[in-house]
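Naming: A, B, ... by sequence-line order, numbering from 1 per chain.
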Number of protein chains: 2
Amino acid sequence: MKLTDAKAQFISSWGAFGTHWGINRTMAQIHALLLISPDPITQDDIMEQLSISRGNVNMNTRDLIDWGLVERVLIPGERKEFFTAEKDIWKVATQIIKERKKRELDPMLKLLSQLEQIEGDKKDKDVKQFVDTIAGIRKFGGQADKVLDVMIKADENWFLGSLLKFFK
Amino acid sequence: MKLTDAKAQFISSWGAFGTHWGINRTMAQIHALLLISPDPITQDDIMEQLSISRGNVNMNTRDLIDWGLVERVLIPGERKEFFTAEKDIWKVATQIIKERKKRELDPMLKLLSQLEQIEGDKKDKDVKQFVDTIAGIRKFGGQADKVLDVMIKADENWFLGSLLKFFK
DNA sequence: ATATATTTTCAATAAATTTTGAAAATTCAA
DNA sequence: TTGAATTTTCAAAATTTATTGAAAATATAT
């Protein structure tokens, strides 16, 4: 297989993969393109390589920047803006976990603790099942939250850091 | 807050939450409804409680069954089919991990190992970045694969099982 | 066997999401 | 400043995805 084909296949698959993870297809494709580009590239490069409009590139690169996965690079002497992606996959994963935790897990846990304080007779079958379910999810979510915090902070901790070297 | 409101809010939020995880909104809502229902319920119950059509209920309950999160229950003397969801959140999470690994991670890893064997000069900057990126993702994915396998099998292992009791 | 209840399928429709592209805003050099 | 290059915005269009509902298939009781 040649580089051109392999690139195309990687970008396409990474895009499809992204949709399973709540990420928009184009955003994932732009990310894929940036991951395999050794040097920073411009909006026009992205438009051309992925055959998508300027507006689309603009919106999705902005989202990628919000996610902390991509950054703008200013190249001296160049008028245009350039974009580049973090290449260390561990950092990419950590960043995604951090963001999703903040955007999804934390708000859900907050909601669950509200729902747990429901008025009603605990003897009632429906009330009991509701409270038990909410409590179960909240407990599990709370543990997941802690585990993820440890992962996110692992790089800052020498012991965990060295433990994780085995995985890197 | 009263049970009725709390239920409605849980179902709605769980549905929205699901969309971030590659799961269809209605499927997640039906799952939520079943999680808080102490006894098995019918297609008609689901239709009524969520105000959705029969066909929609049918398709989504089937998907939930395919995911191994819901099962059909036959109640003696009843003509209709009943549905019930696994209530142990740890088992639910394990089952989701198992399915997503099979559906998403495993195929991606297979593709990546193909893409790594690209023809081309490793001295070329583009080739090098491509190979490095693919190798990095594959290595990370491979480790994730192992970690998830351990989690999935944890319940079958007395040592890990007792370790995990702390999280349950 | 026949009638009746129940479930399943799937083409048509509706809803949600993504993409476009041109106008407006911004940036920067001279 | 002015004007060209570049980026951003956003309403309209295109596309994708989800939902409906009625017909077909299946299951069950008499």
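- Computed from coordinates, the A:Ile23 CD1 to C:dT17 P distance equals 16 Å when rounded to whole Å.
- In terms of phosphate contacts, B:Asn58 brings no side-chain nitrogen or oxygen within less than 4.0 Å of OP1 or OP2 of C:dT7.
- With A:Lys91 contributing its side chain and A:Leu69 its backbone, the two residues share no donor-acceptor pair below 3.5 Å.
- Rounded to whole angstrom, the span from the CD1 atom of A:Ile75 across to the P atom of C:dT27 amounts to 20 Å.
- Formation of a donor-acceptor pair under 3.5 Å by the B:Ser13 side chain with backbone atoms of B:Gln9 is found in this model.
- Nearest-nucleotide positions on DNA chain C for A:Val57 and B:Arg72 put B:Arg72 closer to the 5' end.
- Rounded to a whole Å, the CE atom of A:Met59 is 11 Å from the P atom of D:dT8.
- Side-chain atoms of A:Lys80 lie closest to D:dT7 of the nucleotides D:dT19, D:dT9, D:dT7.
- For the pair B:Glu78 CD and C:dA5 P, the computed distance is 15 Å after rounding to whole Å.
- Listed for the A:Arg72 side chain is no donor-acceptor partner under 3.5 Å among the backbone atoms of A:Ile65.
- Contact of A:Arg79 with D:dT6 (side chain to base): no donor-acceptor pair of N or O atoms is detected under 3.5 Å.
- In the model, A:Gln129 has a side-chain atom that pairs as donor or acceptor with a side-chain atom of A:Thr133 under 3.5 Å.
- Taking every side-chain heavy atom of A:Glu81 into account, D:dT8 is the closest of D:dT8, C:dT19, C:dC10.
- Within residues 24-56 of chain A, the residues that place at least one heavy atom under 4.0 Å from DNA chain D are, in residue-number order, A:Gln43, A:Arg54, A:Gly55.
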Q: Step by step, work out the side-chain contact (heavy atoms from CB on, under 4.5 Å) result for B:Met59 and B:Asp63.
A: CA-CA 6 Å; B:Met59 289 177 133; B:Asp63 281 349; 5.6 Å; no
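- Put simply, CZ on A:Arg62 is 14 Å from P on D:dT7, counting in whole angstrom units.
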Q: Show your working on side-chain contact (heavy atoms from CB on, under 4.5 Å) between A:Lys101 and A:Asp106 and close with a plain yes or no.
A: CA-CA 6 Å; A:Lys101 189 171 115 48; A:Asp106 293 348; 3.4 Å; yes
